[in-house]
A.B. asks: 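Here you go, one structure.
Naming convention: chains lettered A, B, ... in sequence-line order (proteins, then strands); numbering from 1 in each chain.
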There are 2 protein chains.
Amino acid sequence: MPRVGLSREKVLAAALALVDREGIAALSMRKLGAELGVEAMTLYYYVPNKDAVLDGLIDMAVSRVTVEPVGPWREWLRAFAVAIRRELLAHPALLPLVATRPVLAPGGLATVERIAAALRAEGFGALEGLQLVNAVATFVVGHTLAEAGRTPGHDEPDVAGVMESLDPGEYPVLAEALRAGLGTPEDHQERFDRALDALLRGLAPRATL
Amino acid sequence: MPRVGLSREKVLAAALALVDREGIAALSMRKLGAELGVEAMTLYYYVPNKDAVLDGLIDMAVSRVTVEPVGPWREWLRAFAVAIRRELLAHPALLPLVATRPVLAPGGLATVERIAAALRAEGFGALEGLQLVNAVATFVVGHTLAEAGRTPGHDEPDVAGVMESLDPGEYPVLAEALRAGLGTPEDHQERFDRALDALLRGLAPRATL
DNA sequence: TGACGTCTCTTACGTCGTAAGAATATCGTC
DNA sequence: GACGATATTCTTACGACGTAAGAGACGTCA
């Protein structure tokens, strides 16, 4: 019953810590309360419901992704993609959330606005630039999703196990790729770089919208 | 108590119907049982747990995506992407699942194997080809995710509402893009086509793996 | 002191996944 | 048709979840 000095921010911070430590499945209002030395229902004074906590987590992550749009647009757009990826890999438990929920909170919108504005200054139309931002963002999210944190729970994906037990007779190409290093960290990094380059290479302002 | 003639397949089919109709959040073992005129626990005779139902749903969807790899590889790879997108849009409730869970079941692996093999015949390395398949697949999933079915529940995403209430002073480019048609079906289609073209245009076999 | 707004707790309801095992239905064999 | 084995279904129960409703405790200012 003594006051603890809570706030929406502290609740979100504790939620992020809990999620980072035990995975998204472990985030329940009761556990989050316990984390803060408080009963579950107390949290409802700072947050309307659990969904708001999840949305808050997303906005925290998205807000941390910032890029200064100076120099050649392909370069800072690439830096934007890399920044997203770094943030996602730092909090892989958030991936299912980011992939699943739209970015509607203030932090995310502000970032999108800034990038889109810079692209328009480069000759893209407003709609065109936004489409570009979206293409890059969804690409990064999709790719990072494939790379890490696939399982919604906290347990490791058993990809490795299944892969190793592949019948080389039935899946010869898969087996060969596995021997060639599929799934290693270097593989993921390289795959990301190559595909991102491909995407950026293929993009250009259309002059007319 | 009379036997109903259930089977794993029928359970999965009912699950898909239920999910299509009421969204992924409405899929509970009890409701799924009711759907089949059976108690919840009965399902556990055909399926080890709920996760297996979800995995089964994914594999059903993925298995339906098939492409004949004949002709120029960029063309049938494009057809592959379009086929994935069509299947996902036909069952948008599955999107959060497909995005979140790895493709490890037989159906998905077989498809991947076939595409990767065809790519190798085009001069890609085994690993390289698989990376390509993965890049295209994650791109499509990411993009479709942004297009539809964002909310995990069955209720419509309130994107439209939030967008309309945007302060044009604070988000001028976003507002302009909105007026230019952001978020319309044509916009999504065009965005998908353009980004996919960009991605494919940027990709090419590297000759050496 | 007392009253008031801020914050926290208790209790309760309906839902979920599923473990354990009892009850029933169906079928092969006599 | 009766009987035992096997395949299928049901009943009951437990602990966890999100959260509605309202009671209670705290700090502050009169």
A.B. asks: What is the distance, rounded to the nearest whole Å, between atom CE of M29(B) and atom C1' of dT12(D)?
C.D. replies: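 Nearest whole value for this atom pair: 17 Å.
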
A.B. asks: Please name the residue in the list L36(A), L16(A), V38(A) that meets the side-chain contact (heavy atoms from CB on, under 4.5 Å) test with V11(A).
C.D. replies: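 Of L36(A), L16(A), V38(A), side-chain contact (heavy atoms from CB on, under 4.5 Å) with V11(A) is met by L36(A) alone.
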
A.B. asks: If you look at every strand shown and take non-hydrogen atoms under 4.0 Å, does L27(A) touch a base, only sugar-phosphate, or nothing?
C.D. replies: sugar-phosphate

A.B. asks: Should R30(B) and E39(B) count as an ion pair when the cut-off is N to O under 4.0 Å?
C.D. replies: no

A.B. asks: Measure CZ/R30(A) against C1'/dG15(D) and give the value in whole Å, please.
C.D. replies: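 In whole Å, dG15(D) C1' and R30(A) CZ are 10 Å from each other.
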
A.B. asks: Are the side chains of F80(A) and I115(A) in touch, meaning some heavy atoms are under 4.5 Å apart?
C.D. replies: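 In short, these two side chains touch, coming nearer than 4.5 Å.
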
A.B. asks: Taking CG from L32(A) and C1' from dC17(D), how many angstroms apart are they, rounded to a whole number?
C.D. replies: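 Answer to the nearest Å: 14 Å.
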
A.B. asks: The criterion is side chain to side chain donor-acceptor pair (under 3.5 Å); which residues satisfy it with Q189(A), sequence neighbours excluded?
C.D. replies: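 Residues passing side chain to side chain donor-acceptor pair (under 3.5 Å) with Q189(A): R85(A), D193(A).
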
A.B. asks: Contacts to DNA chain D from residues 40-50 of chain B, heavy-atom cutoff under 4.0 Å, which residues?
C.D. replies: M41(B), T42(B), Y45(B), Y46(B)

A.B. asks: Between dC16(C) atom C1' and L54(B) atom CG, what is the distance in whole Å?
C.D. replies: 14 Å

A.B. asks: Would you call R120(A)-E176(B) a salt bridge at under 4.0 Å N-O?
C.D. replies: yes

A.B. asks: Could you state the CD-P distance from E39(B) to dT11(D), rounded to the nearest angstrom?
C.D. replies: 5 Å

A.B. asks: Assign the ring pair W73(B) / F124(B) to parallel, tilted or perpendicular, where the plane angle (0 to 90°) is split at 30° and 60°.
C.D. replies: perpendicular

